[in-house]
Amino acid sequence: MLAIKNLTKRFGSRTIIDDLSMTVKDNEIMAIVGPSGAGKTTLLRCITGLEPVDKGEFFWNGTQFDPTNTTQKDTIIGVVFQDYQLFPNLTVLGNITLAPTMVKKESMDDVKKYARELLSRLGLEGKEDLYPFQLSGGQKQRVAIVRALAMRPKILCYDEPTSALDPALRDEVAQIILDLKKQEMTQIVVTHDMDFAKNVADEIQQVEQIQ
Amino acid sequence: MIQYIEEILPALLSGTKMTLSIFFWTLICSIPLGALVGLGLIQKFKPLTWLLNFYVWIMRGTPLLLQLIFVFYGLPIIHIVFQRYDAAMFAFILNYTAYFGEIFRGGFQSVPKGQFESAKVLRLSYGQTIRKIVIPQVFKIVLPSIGNEVINLVKDSSLVYVIGLGDLLRAGNVATARDVTLLPLILVGIIYLALTAVCTIVLKLIEKRESVWR
């Protein structure tokens, strides 16, 4: 279970997130929704350690952790970015295997085996040796999901997973997220798409604009 | 005529050897140093970027010829004495590092911030990120600009003439003055053209190899 307590984030004198507390239960999908500019993405960036917080504590199963501490090799949080941010100079397999082999020092053979398993689970078999520019938007997103999963995170976060996809693919992502839930992956989805949120989420966290 | 060419060719080739030596050593030292300067130029630590910007400004803002003369004829006045070849290497490496540094800075800045963040959430260290993700992308971005400088360097190397090094141009000029014929200078031109042609081909091959990804 992920617990966030009394999170406050300011940019200069502007308070974006004010004293927010929330918990994400194991194997559940939490959707963070709210209007544009309300700070959904900022909240996600705090959880993923890309923004330092002004105040607040993070707990994983009761143990406090600091998301910005990048020396911790045991990843709690995995991220799928809105624009995926695959590494264009590496093949699909290279994108996936880079971090597990370099950061966790896992053997290349083991990582490749796991990567292929994940790829086929997400319908990407045969794409291992392609470069990101050769993939469609939906495929890139699935590669980004596999890349995050290969680090065996406890929680997988998505930033606006539907915003760059056409409506047909939207249902596909929903299906992927629900499938991952069946495999006991805890997930946080930031979205402005209320229908999508209602479709996939067990719990919905509203983020309001602070006046 | 063939006989005359055969006569002067050894001198020209020995000059070419000097030209190539300056060319290769400058590249081998300046490209990695330039990458470091470029990396330094994007850091947030202000004193470092001021210092590097000042260095780049001096090196790009004054003629390479002046820098050569300064190092070889000027510095001995304050008891810093370089041998001819060392003086040439010193000036060329300093000068080209500045140009490459500025090119690499542009390259580093054109890698999207999201790539760094993506690497960060995967727990890659800064060094790993730079090595595995940023440098390969920067290399591809800067390749055409580096190529221009490489071609320039072939020709700029002839400036060592002024400090009395026996490069290709000097060899040709000596022969022309001695034998009162245009032929040596024409041969010198042909050799420079051949050198730059080889550079162009090699650069094209590298660019082609890099085009497997976008």
Side-chain angles (χ1 to χ4, degrees), chain A residues 41 44-51 67-92 94-105 129-135 140 143-144 146-153 155-159, chain B residues 31-32 34-36 38-39 42-46 100 103-147 203-214:
Chain A
T41 296
L44 191 76
R45 288 174 63 84
C46 290
I47 298 172
T48 55
L50 289 171
E51 291 286 349
T68 61
N69 176 8
T70 50
T71 53
Q72 191 173 349
K73 303 299 180 211
D74 238 4
T75 42
I76 293 177
I77 312 246
V79 188
V80 178
F81 290 96
Q82 184 171 7
D83 46 5
Y84 323 130
Q85 294 296 345
L86 297 177
F87 305 127
N89 56 311
L90 299 175
T91 60
V92 167
N95 265 277
I96 299 163
T97 55
L98 182 68
T101 53
M102 293 202 79
V103 177
K104 295 177 128 187
K105 313 282 179 209
D129 297 324
L130 295 182
Y131 285 90
F133 82 97
Q134 294 164 307
L135 303 174
K140 279 185 205 167
V143 172
V146 172
R147 183 175 68 175
L149 289 176
M151 286 295 277
R152 300 176 196 266
I155 302 173
L156 188 55
C157 299
Y158 307 79
D159 188 11
Chain B
I31 290 182
L36 282 178
L39 199 56
I42 59 162
Q43 299 303 314
K44 288 191 190 98
F45 183 59
K46 282 292 164 209
F100 287 139
I103 291 171
F104 275 106
R105 179 194 57 76
F108 281 119
Q109 281 174 338
S110 57
V111 175
K113 210 174 140 228
Q115 292 280 299
F116 288 91
E117 295 189 336
S118 180
K120 194 173 167 190
V121 297
L122 288 168
R123 294 290 183 258
L124 291 163
S125 70
Y126 187 69
Q128 289 169 335
T129 307
I130 294 291
R131 234 175 40 243
K132 293 288 177 178
I133 294 156
V134 179
I135 293 274
Q137 293 184 41
V138 167
F139 183 71
K140 186 180 166 104
I141 294 165
V142 300
L143 205 52
S145 315
I146 296 280
L203 287 162
K204 281 262 153 46
L205 287 176
I206 299 174
E207 271 184 51
K208 201 171 158 199
R209 202 194 63 188
E210 288 295 304
S211 67
V212 296
W213 60 273
R214 272 178 238 163

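Here is the naming used below: chain letters follow the sequence lines, and residue numbers restart at 1 for every chain. What you are looking at is a predicted structure, and each value in this text was computed from that prediction instead of being measured.
With a threshold of 4.5 angstrom between heavy atoms, A:Leu130 does not approach chain B through any atom at all. Heavy atoms of A:Phe81 lying under 4.5 Å from chain B belong exclusively to its side chain. Only the backbone of A:Pro67 comes within contact range of chain B, with heavy atoms under 4.5 Å apart. For chain B, the nearby part of A:Asn69 is the backbone; its heavy atoms alone come within less than 4.5 Å.
Considering only heavy atoms from C-beta on, A:Gln85 stays 4.5 Å or farther from B:Glu117 through its side chain. Put simply, the side chain of A:Val103 reaches to within 4.5 Å of the side chain of B:Gln128, judged on heavy atoms. Inter-residue side-chain proximity for A:Arg147 and B:Ser118 is flagged as met; some heavy-atom pair is nearer than 4.5 Å. Put simply, the side chain of B:Lys140 does not reach to within 4.5 Å of the side chain of A:Asn89, judged on heavy atoms.
In terms of heavy-atom pairs under 4.5 angstrom with chain B, the leader among A:Pro100, A:Gly94, A:Ala99 is A:Ala99. Most heavy-atom pairs under 4.5 Å with chain B: of the set A:Val79, A:Leu50, A:Leu86, A:Leu90, this distinction falls to A:Leu50.
Taken from CG in B:Leu124 to CE in A:Met151, the straight-line distance is 7.0 Å, to the nearest 0.5 Å. In this structure, the separation between CD on A:Gln134 and CZ on B:Arg214 is 8.0 Å, given to the nearest 0.5 Å.
Smallest separation of non-hydrogen atoms from A:Phe133 and B:Trp213: CE2-CA, 3.6 Å.
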